[in-house]
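Working notes, beginning with the structure itself.
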Amino acid sequence: MNDKDSQTRERGLAVVRTVAELRKAVAAFRAAGRTIGLVPTMGALHEGHVSLVAGALARGDVPAASIFVNPTQFGPNEDFAAYPRDEAGDFAKLEAAGCRIVFAPDKDEMYPTPMLTTVKVTGVTDGLCGPFRPGHFEGVATVVTKLLMMAMPDRGYFGEKDFQQLQVIKTMVRDLAMPVEIVGMPTVREPDGLAMSSRNRYLAAAERETALRLYREMTAVALAVRGGGASCTEATAAASVALLAAGFDKVEYLTVVDAESLRPLEKVAGPARVIVAARLGRTRLIDNIAVG
Ligand code: AMP
């Protein structure tokens, strides 16, 4: 085993802050014949993020995570400044999970010059979060494109928790023939069903109780509409009323959509998702589940 082999076979997390360092770290693993699995995150990591690292390991990839709270995907009245940050804790979780590289750039490294280029995906961004978060998916598509170009991974790992985001990224990679495979990973939930999210820490104790109604109501809708049973409009209307009665302040949308196009359905005939965004106090929660 030469020096390079021993370096890339050991455990241990390399923290890199610049694109040049990232490319060097990736190149060392490639030279040892390894494939790379990129796990883009905004930090404040939890078991959902860790499951993406595990997904990369399970496919034989060297897991490389990124941590960057991307300002361009936050609207002017959103929680960019308040978004939780815990770099030391994140590095410890990544190392324990078997991640080998973490790219944690600052804003100037990510955006050294004014951005005159963006990536905009249409169609799958028209509904759901699209109208509620103008510019959000353009910010996501652009930063994910940059991260993919910087790391040049074999695979990129993304959570189904952000189902619309996953479809946006799959569409972008397909349309632009990006040489990367996008792997969607199942949503990791708390034991009571609440989807893990960095934003759950905003919830007060009473709100935390209310929040788990999201999963219950989505499950009720999925059972009602599966196999072309109930009308999707009727089932989701009843569930929205139940969420508001339970204490949610606003249901932005609660819809049954085609799992690929994300277009709303009236009757379920193929792969479909129940998908929701709702506000509880100052927290905006999103979630989705497969129908059937
Ligand atoms: P974020 O840090 O929130 O931008 O998320 C980074 C990645 O982790 C995205 O691909 C998310 O979809 C994924 N993710 C977030 N929460 C979960 C979860 N509960 N289960 C699985 N993946 C998740």
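Start at 1 and go down the list; that is how both ligands and their atoms are numbered.
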### Task
Please examine the side chains of Asp162 and Gln164, heavy atoms only from C-beta on, and report whether any two atoms are closer than 4.5 Å.
no
### Contact (N/O only, under 3.5 Å) between Phe158 and ligand 1
no
### Task
Could you tell me which atoms of ligand 1, counted from 1 in the order shown, lie closer than 4.0 angstrom to a heavy atom of Leu52?
7 (C), 8 (O), 10 (O), 13 (C)
### Query
Salt-bridged, Arg273 to Glu160, with N to O below 4.0 Å?
yes
### Query
Considering the options Arg59, Arg30, Arg34, which one meets the salt bridge (Lys or Arg N to Asp or Glu O under 4.0 Å) requirement together with Asp154?
Arg30
### Summary
If you scan protein heavy atoms around atom 16 (N) of ligand 1, the nearest is His46 CE1, 3.3 Å
### Query
Quick one: nearest non-hydrogen protein atom to atom 6 (C) of ligand 1, plus distance?
Pro40 O, 3.3 Å
### Message
With no hydrogens and no angle check, just 3.5 Å: does a side-chain donor-acceptor pair link Glu207 and Thr210?
### Response
no
### Query
For ligand 1, is there an N or O atom under 3.5 Å from any N or O atom of Val188?
yes
### Message
Determine whether a donor-acceptor pair (N or O, by modelled atom type, separation under 3.5 Å) exists between the side chain of Asp287 and the backbone of Ala277.
### Response
no
### Query
Quick one: nearest non-hydrogen protein atom to atom 4 (O) of ligand 1, plus distance?
Met42 CG, 3.6 Å
### Query
Does the side chain of Ser231 come under 3.5 Å of the side chain of Glu266 through a donor N or O and an acceptor N or O?
yes
## Note on the structure
atom 23 (C) of ligand 1: closest protein heavy atom, distance to 0.1 Å, is Lys161 CB, 4.0 Å
### Query
Has ligand 1 got any nitrogen or oxygen that is less than 3.5 angstrom from a nitrogen or oxygen of Met196?
yes
### Query
Quick one: which ligand 1 atoms are inside 4.0 Å of a heavy atom on Thr187?
19 (N), 20 (N), 21 (C)
### Query
So, is Gly159 polar-close to ligand 1, with some N/O to N/O distance under 3.5 Å?
yes
### Query
What protein heavy atom sits nearest atom 21 (C) of ligand 1, and how far away is it?
Pro186 O, 3.5 Å
### Query
So, are Asp61 and Arg155 salt-bridged, with charged N and O less than 4.0 Å apart?
yes
### Task
Considering heavy atoms of the protein only, find what lies nearest to atom 11 (C) of ligand 1 and give residue, atom and distance to 0.1 Å.
Asp162 OD2, 3.0 Å
### Task
Just need the protein heavy atom nearest to atom 5 (O) of ligand 1, so name the residue and atom and give the distance.
His49 NE2, 3.4 Å
### Carboxylate-amine/guanidinium contact Glu252 Arg284, below 4.0 Å
yes
### Message
Given the ring of Phe103, does Arg17 sit roughly above its face, with NZ or CZ under 6.0 Å from the centre of the six-membered ring and within 45° of the axis?
### Response
no
